[in-house]
Amino acid sequence: MIKHLLTASIASLVLTACMSQPDYRAQETAPPTVPNVDLDQYAGLWYEIARYPNSFEKDCAGVTAEYAQRDDGRISVVNTCHKGSPDGKVKVANGVARVVEGSGNARLKVKFAPSWVPFAWGDYWILHLEPDYSAVLVGDPSGKYLWILARDKTLDADTLARIKARAEALGYKTDPLVMTDQG
């Protein structure tokens with residue numbers, strides 16, 4: 001009984017969070033992803049350069065995402081945020097991702113909720129990837145979430161402009177992007 005009440009409470013919170021997040025993409029059709037991603041090359045540490053505002057990263061700075069392939073075929077995800085500043089208190093979110101079959105590894109489903117919550121998988125689509133895997137544009141097709149990540153704490157202006165232009169070409173607004181303070 002308690003487990004069912006807890007599940008219902010979490011479901012309510014997730015649905016509320018999803019409904020309150022604005023859409024920054026007006027197009028009805030899903031954007032294309034990159035054709036193929038080498039998960040071995042993609043694995044490792046990424047620094048968040050920019051993001052759409054969202055409730056789970058409120059007041060986050062010095063944000064990183066680390067991906068590693070697991071023996072079961074899934075991908076471990078460790079997101080780290082420093083509250084308030086790059087030297088602030090560390091907040092870590094551990095998750096798991098699974099590749100969407102037939103996507104060339106460019107569409108994943110990511111989950112940070114407990115394993116017994118069945119409906120908490122979110123879209124993580126790789127929309128642009130630099131050929132040398134130095135920077136990436138990831139998001140969800142609805143336009144609620146979008147991130148620019150890089151292997152280094154900073155991204156040169158030309159690459160950032162190219163990635164923003166790609167986001168706009170895919171129908172995403174870039175004005176709402178918040179630049180992340182990496183310190």
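Geometrically, R51 does not engage W147 in a cation-pi contact defined by less than 6.0 Å to the ring centre and at most 45° from the axis.
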Inset, instruction - Apply side chain to side chain contact (heavy atoms under 4.5 Å, CB included) to the pair L108 and I126, showing each step before the final yes or no. - result: CA-CA 8 Å; L108 297 107; I126 300 172; 4.2 Å; yes
Legend entry - CA sep, side-chain torsions, deciding dist, call: S85, D87, side chain to side chain donor-acceptor pair (under 3.5 Å): CA-CA 5 Å; S85 75; D87 298 323; 5.0 Å; no
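Annotation: the span from T64 atom OG1 to Q182 atom CD amounts to 7.5 Å, rounded to 0.5 Å. Separation of atoms CZ (R166) and NE2 (H128) is listed at 8.0 Å; rounding is to 0.5 Å. One distance of note links OH of Y52 with OG1 of T174; it measures 7.5 Å at 0.5 Å rounding. To the nearest 0.5 angstrom, K83 atom NZ is 9.5 Å from K89 atom NZ. E66 CD to N94 CG: the interatomic distance, rounded to the nearest 0.5 Å, is 10.5 Å. Note that the CG atom of D140 and the OH atom of Y24 stand 12.0 Å from one another [nearest 0.5 Å].
Between V178 and P53, the shortest heavy-atom distance links the atoms CG2-CG, 3.8 Å. Counting all heavy atoms, side chain and backbone alike, L45 lies closest to R151 at O-NH1, 3.2 Å.
If you chain together hydrophobic residues whose side chains sit under 4.5 Å apart, Y145 and L129 fall into the same group. Tracing side-chain contacts under 4.5 Å through hydrophobic residues (I, L, V, M, F, W, Y), one never reaches V63 starting from L177; they form parts of separate clusters. Note on L39 and V77: same hydrophobic cluster, where clusters join Ile, Leu, Val, Met, Phe, Trp and Tyr whose side-chain heavy atoms are under 4.5 Å apart, directly or indirectly.
In this structure, V96 and W121 have side chains that are in contact, with non-hydrogen atoms separated by less than 4.5 Å.
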